[in-house]
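In what follows, a structure is listed as structure tokens, so that the remarks can point back to it.
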Amino acid sequence: MKRRSYHLGDSRGKRRRKTNLLAAFPYAFLGVVFLWLFLGLDFLLSANIGTTRSRAVEIRRQKVGDLLSDGEITNGKQLGRRRVRSATIDLVVERLLQMARMPKEPLRMALNTSDPRGGDPFHLSSLERGSCPWTGDSDVIVDWLPLIPKPDLLAVFREGKGFRPVVLWYEHLSKAGGTSFCKLAEANMPKISVPSYYCMPGGADRGGGGKGNEADGRVGTWSKEELTKYVSRKPHKILSNEWDPFPPHVLDFQPKSRVDLRKGVYDGPKTSSSPIAEPMFLFITSIRNPLDRLLSAYRFFGVLHNPSKQKPSLFQWLGRIHGRAQKYSEMRSRGNVWDGVPFRANVGNFNFAIWKFSNGTIPFSLTPEEKGEIELRDISSLPLGEEDWRRPFEKAIETLSNFHMVIPMEMLSDHTGVLHHLGWTQFDQDHVVPSGKVQNNAAMSQLTQNEYDALWSANWLDMIIYCWSRAVFLTRIHCADILLTEDRS
């Protein structure tokens with residue numbers, strides 16, 4: 001009986017539990033649905049907040065040169081795929097200004113990628129090894145990385161059909177790879193497209209009768225109207241400016257939007273009277289370690305091409321060339337750089353790249369006599385204050401940020417950037433000099449320690465520009481797969 005009673009009771013209990021479960025099922029189902037919705041909403045909100053906070057934290061850390069570690073978790077949520085974002089020009093200028101204000105020794109330590117105490121603010125140690133430094137799941141704004149100029153004139157330069165004509169403006173910094181770049185242009189562009197004298201338009205090609213010698217018309221001194229007429233008459237697709245500062249008005253030839261790419265293009269039958277659209281300029285330059293460039297300029301202009309039997313020392317030459325540069329500046333302020341001023345007067349300028357890309361506005365820090373010699377103690381105590389160098393420095397950064405390519409000279413031999421961006425394939429000559437032999441101009445090994453230290457301090461602005469330009473160039477190559485290229489237009 002007990003056993004039977006046990007079975008009867010168990011059977012009735014099962015039926016009651018089954019009934020209770022069936023009755024409760026709709027409520028349980030609704031509870032699960034509400035719980036799923038609540039958790040899903042909480043996940044979305046948490047992910048969004050976590051990503052926003054993570055990005056803000058990472059951006060702040062990135063500004064002081066730090067990196068988030070691989071897979072770092074912030075607010076309990078991992079970030080999405082890697083993305084590297086460029087900064088506005090104003091932010092880039094402010095970041096580089098912070099560096100320029102640093103005491104010289106900490107700045108030098110920071111820019112020396114082999115010194116672990118420096119911090120490597122541009123991540124050159126990774127970039128020069130061919131790797132992108134932003135690893136793991138990250139979304140960063142790099143505050144020294146300017147936006148790539150848009151629209152993409154490099155693509156239009158490669159294709160060239162159905163658009164306004166594109167002319168490559170090469171800003172030639174003396175002894176920074178300009179001859180090599182011109183030789184690359186000659187090897188990869190139709191002969192008719194390249195001016196015969198080192199890619200420089202001739203004096204006779206300039207409107208109004210021309211100025212300068214027949215070979216080099218000093219295109220950096222031409223007006224916008226003269227350039228427009230020249231390009232409409234000549235088939236040349238590359239212009240090189242070496243001896244004068246980069247003229248800011250040529251940036252007006254840069255298209256502002258995709259609509260500008262076809263503005264004024266005539267689609268009808270082509271005749272001699274067909275309208276010609278205004279050209280667009282593609283801006284490219286190459287840059288070199290400032291002290292190596294300075295030493296190379298001395299050996300080329302001060303020794304090799306100096307007719308005097310008694311060759312000057314480096315510091316004698318610097319004293320003389322700085323005197324000539326000041327004469328050039330005075331004559332230029334009067335609108336005349338032709339009469340009585342050597343065309344190569346500025347090749348020995350300190351902070352030469354700043355001079356080039358600030359429209360020649362950085363003041364001279366020394367006032368030597370024409371035949372005087374610069375003393376190390378004078379170089380080590382230059383009188384430039386921030387009120388003297390700040391605006392030229394800002395202007396140079398703004399100008400270079402609008403260039404489509406700023407190529408480190410040593411990477412002209414690598415070909416990576418040129419081949420990738422311009423579509424050039426012929427690289428028969430890696431390093432070309434216009435005359436003489438290729439020399440070792442590594443200032444670190446060729447100068448005494450005191451000479452090197454003094455010249456580094458005198459050219460500190462150019463050292464920042466050089467390291468920054470290298471980092472920008474390499475980032476656009478090695479981080480191309482994760483670099484977001486927001487359109488400026």
Side-chain angles (χ1 to χ4, degrees), residues 89 147-172 181-182 185 188-196 199-212 216-242 244-285 357 359 395 398-406 421-423 487-489:
I89 292 179
L147 292 166
I148 298 174
K150 294 291 184 177
D152 187 4
L153 272 193
L154 287 162
V156 178
F157 180 80
R158 291 191 299 267
E159 303 301 327
K161 295 181 179 179
F163 302 98
R164 290 163 55 191
V166 178
V167 176
L168 194 164
W169 179 286
Y170 178 73
E171 192 63 25
H172 184 168
F181 187 87
C182 185
N188 288 276
M189 297 174 68
K191 186 175 181 179
I192 196 174
S193 299
V194 184
S196 59
C199 300
M200 300 173 179
D205 294 325
R206 184 176 186 175
K211 293 182 180 179
D216 176 15
R218 305 280 286 273
V219 69
T221 65
W222 295 12
S223 68
K224 183 178 179 181
E225 292 72 24
E226 288 172 326
L227 286 167
T228 301
K229 289 179 181 178
Y230 171 80
V231 174
S232 68
R233 295 195 317 264
K234 294 286 185 176
H236 296 157
K237 300 302 179 187
I238 179 171
L239 309 177
S240 179
N241 173 48
E242 180 172 8
D244 301 285
F246 175 78
H249 62 264
V250 300
L251 288 175
D252 293 341
F253 287 99
Q254 195 171 44
K256 302 300 187 291
S257 68
R258 290 187 177 91
V259 175
D260 283 348
L261 295 176
R262 301 178 186 274
K263 186 178 180 180
V265 174
Y266 178 66
D267 294 327
K270 299 294 187 295
T271 66
S272 58
S273 60
S274 298
I276 299 177
E278 187 176 88
M280 304 179 289
F281 280 11
L282 173 69
F283 296 106
I284 295 178
T285 189
F357 294 105
N359 194 24
K395 183 62 178 176
E398 292 164 0
T399 300
L400 286 168
S401 294
N402 279 289
F403 267 55
H404 299 87
M405 275 203 294
V406 181
H421 294 293
L422 294 174
D487 200 332
R488 287 177 173 176
S489 58

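The shortest side-chain heavy-atom distance between Leu239 and Val167 falls under the 4.5 Å cut-off. Contact annotation: the side chain of Met200 never approaches that of Asn241 to less than 4.5 Å [non-hydrogen atoms, C-beta and beyond]. Between Phe357 and Thr285 there is a side-chain heavy-atom pair separated by less than 4.5 Å. The shortest side-chain heavy-atom distance between Cys199 and Phe181 does not fall under the 4.5 Å cut-off.
Heavy atoms only, all atoms of each residue included: Asp244 and Arg218 are closest at OD2-NE, 2.7 Å. Contact between Lys237 and Val166 at its shortest, heavy atoms only, is CD-O, 3.8 Å. Closest of all the heavy-atom pairs between Val194 and Met189 is CG2-CB, 3.9 Å. Nearest heavy atoms, Val250 versus Phe283: O-CZ, 3.2 Å. Closest non-hydrogen pair, Gln254 versus Lys256, comes out as O-NZ, 2.9 Å. The minimum heavy-atom distance between Gly423 and Arg158, with the atom names listed, is N-CD, 4.0 Å.
Not a single salt bridge (Lys or Arg N to Asp or Glu O under 4.0 Å) links Glu242 to another residue, sequence neighbours left out. Partners of Lys224 by side chain to side chain contact (heavy atoms under 4.5 Å, CB included), not counting sequence neighbours, listed by chain and number: Thr228, His249, Asp252, Phe253, Glu278.
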Practice item. Dump the intermediate steps for side-chain contact (heavy atoms from CB on, under 4.5 Å) on Leu261 and Met280, then the final yes or no. Key: CA-CA 8 Å; Leu261 295 176; Met280 304 179 289; 3.7 Å; yes
Exercise for review: Let me see the working for Ser193 and His236 under side-chain contact (heavy atoms from CB on, under 4.5 Å), right down to the final yes or no.
Suggested key: CA-CA 4 Å; Ser193 299; His236 296 157; over 6 Å; no
**Study point:** Intermediate values then yes/no, side-chain contact (heavy atoms from CB on, under 4.5 Å), Leu227 and Trp169
**Key:** CA-CA 11 Å; Leu227 286 167; Trp169 179 286; 4.0 Å; yes
Practice item. Begin with the C-alpha distance, continue with both residues' side-chain angles, and end with the deciding distance and a verdict on side-chain contact (heavy atoms from CB on, under 4.5 Å) for Asn359 and Phe246. Key: CA-CA 6 Å; Asn359 194 24; Phe246 175 78; over 6 Å; no
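Rounded to the nearest 0.5 Å, atoms CD1 (Ile148) and CG (Asn402) are 13.0 Å apart. Interatomic distance, CG of Leu168 versus CD1 of Ile284, reported as 4.0 Å (0.5 Å rounding). Between the CG atom in Leu282 and the CG atom in Leu153 there is a gap of 6.0 Å [rounded to 0.5 Å]. A distance of 13.5 Å separates CE in Met405 from CG in Leu400, rounded to the nearest 0.5 Å. Here the straight-line distance linking atom NZ of Lys191 with atom OG of Ser196 works out to 9.0 Å at 0.5 Å rounding.
Of the possible polar contacts, one joining the Arg164 side chain to the Pro279 backbone as a donor-acceptor pair under 3.5 Å is found.
The aromatic ring centres of Phe403 and Phe281 sit 6.0 Å or more apart.
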